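This one's a predicted model, so the numbers in the text were calculated from it and none came from an experiment. A note on names: the letters A, B, ... follow the listed sequences, proteins ahead of strands, and every chain is numbered from 1.
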Amino acid sequence: MEKFKLQVAERLAPLMQKTPQEVRALMEAPPNPAWGDIAIPCFFLAKVLRKAPPAIADELAAKAELPGLASKVEAMGGYLNVTLDSILVAKDILSGILETGASYAYTNAGADKGIVIDFSSPNIAKPFGIGHLRTTVIGNSLSRIFKELGYNVVRVNHLGDWGTQFGKLIVAYQLFANGDPLIYDPIGTLYRIYVEYHKEAEARPELEDEARAWFKRLEDGDAEAKRYWNLFVEVSLKDYKRVYDLLDIEFDAYMGESFYEPLLNPTVQEIEDKGLTQVSDGAVIVDLEPYGMPPCLLRKTDGSTLYATRDLAAALYRERTYRPEQMLYVVGQEQTLHFKQVKQVLELMQEPAGEKLVHVSFGLFRFPEGRMSTRRGKTIFLEDVLNKSIEMAAEIINQKNPELDDREQVARQVGVGAIVFGDLKNGRIKDVAFDWEEILNFDGETGPYVQYTHARACSVLRKAGGSVANLSNESVLTDEFALPLIKLLGEFPQVIERAALQYEPSVLSRYVLDVAQGFNRFYHNCRIIGQEVSVMQARLALVKGTQQILERSMYLLGIAAPEKM
RNA sequence: GCGCCUGUAGCUCAGUGGAUAGAGCAACUGCCUUCUAAGCAGUGGGCCGCAGGUUCAAUUCCUGCCAGGCGCGCCA
């Protein structure tokens, strides 16, 4: 579609005394598809030409010559509306998709450019809660989208494997675990003692000091502390791996906070050497008052480091190791200030990492009665949600398609797809109210709806057997059901670009819903198999094209595309 | 108190400086002897939070206010 818009802009530009780029930028979609494919408002010309917009549009319509490109150019209330030649459009878009197949949207825009994406990053010894779903699926989808644009993507899981909570955990383990080797349900146990610790600490504040002391020992390399730490990390990772397997997500690097431990002192030193630090109440800080922010703390009074120190070290490490064009942090919006501070400090250091750092923030998962909290034991395990959804998918399969092969696998794909798509459907910035009924809904704008549509398309292609999807008779595809679908398919590359530019997978999930809806309308109204050969072939070509776009879109969103369900 | 984010149909959410603001869910109603009814089609439902301002044109941009969320030095 973009190609045609550019051609129209090229030809209209001289008439409007604008550059083709300017004309392209003016184009909009008419509110009613019957009015055309492209609308150009003429209001802005009124002042220059000293004429009423409708008169200008009339004149342009009379002068515009777009033979072989547009079938209709007309003025309507101050707009110049252009209807593209439908056979040309249908032929061009569909043959383009069928030729390039899965790589229709692939560009080399990102060739030789790297991008580091930090996402998921669960906290060791804490359950993989529903709250981690967002960063995990958004990060995964963005990774795939940027790869589609040719970027060299590095997926980093920045595990929360360091910090004072390990001191608390050691104390909790000694008090409440009775020497449990953490073989059976390790995270469940760690979670339980962590909650118990916080309850106990309310009555006995001295536990907090004990915890701090243990963390200090850990930082100083104490063997006993390290032994506990290793145990906690090991058993936690095993649990997380199960969730990542369900979601079909992999990382290029597990580099937790502990990885940056040796880099912390040099990092603080570097910042001090640049004369950016001050000592305030015994702590080392970077004053950010001139930038309207609270100071960034690098060292506590006791000399130990903080979250910001580790993120600064990590950013410098990533910059120097990967030389990326961008560094994304897919982290909740409650950390906006933190990342603004880190970015500001990097900029004060005149490090390129500063401008490369992008905080891809998102809203929280919330219960109707308030926010979730691991400490108070108020959370929902992601694995439970996924399993419940899979169970439900299995039930629906038993009821609707009991003959299906690989029922277990399909139930897994659909159940997980429902959860993942449900999270990617909405703009990432909004808070999400957790609601079992909604998250387990498989009707309407959902993952299963998209998967079902894809399976339907596959089914038609299967049943068509040897019949070739051939495009000799494009005029079949210019009806009110096929043509809008084709035009939509033609938007795919721009949709991917926009999703990347905005770091927003929901751009793609919304699009794929439109494609699914378009296809279902077409499917319902236009019979494919059993039609006259040229008609069937043309329609099969559209089914094939749709199937490819759906499959690719689902891949980019991180959901499976079963061929039967 | 200060800062950031959000406010659109009963609910969950799209959307755009411009022509009649759109989906899904829920409710009601049609459509399976024809390619998967996890579908398609129809009906009802809206001071686009409130008040100003910029503009030929504001739900969209700016300011103020209201409501909700999040954050604000030794947690991450």
Query - Contacts of A:R212 that satisfy salt bridge (charged side-chain N to carboxylate O under 4.0 Å, His left out) - sequence neighbours left out - result: A:D209
Query raised in the report: Reckon A:M293 touches a base, only the sugar-phosphate, or nothing at all at heavy-atom distances under 4.0 Å?
Result: nothing
Query raised in the report: Contact class for A:G77 vs. all strands (heavy atom < 4.0 Å): base, sugar-phosphate, or nothing?
Result: nothing
Requested in this report: Give each stem of RNA chain B as a range with a range, requiring at least 3 consecutive Watson-Crick or G-U wobble pairs whose two distances are under 3.5 Å.
Outcome: B:1-7 with B:66-72, B:10-13 with B:22-25, B:27-31 with B:39-43, B:49-53 with B:61-65
Query raised in the report: With sugar-phosphate meaning primed atoms plus P, OP1 and OP2, does A:N81 contact a base, only sugar-phosphate, or nothing at under 4.0 Å between heavy atoms?
Result: base
Query raised in the report: Can a donor-acceptor pair be found between the side chains of A:Q335 and A:Y307 at a distance below 3.5 Å?
Result: yes
Query - Near-parallel close stack of A:Y79 and B:A19 base (under 5.5 Å, under 30°) - result: yes
Report summary line: Numerically ordered, the residues 409-422 of chain A set in heavy-atom contact under 4.0 Å with RNA chain B is A:V414
Requested in this report: Write down the distance separating the P atoms in B:U54 and B:U60, rounded off to the nearest Å.
Outcome: 15 Å
Query raised in the report: So what does A:C458 hit on the nucleic acid, given a heavy-atom distance under 4.0 Å: a base, only sugar-phosphate, or nothing?
Result: nothing
Query raised in the report: Hey, is B:C65 sitting syn or anti, using the within-90° cutoff around 0?
Result: anti
Query raised in the report: Do A:S459 side-chain and B:C35 base share a donor-acceptor contact under 3.5 Å?
Result: no
**Report entry** Contact under 4.0 Å: A:K300 side-chain N or O vs B:C75 OP1/OP2
**Finding:** yes
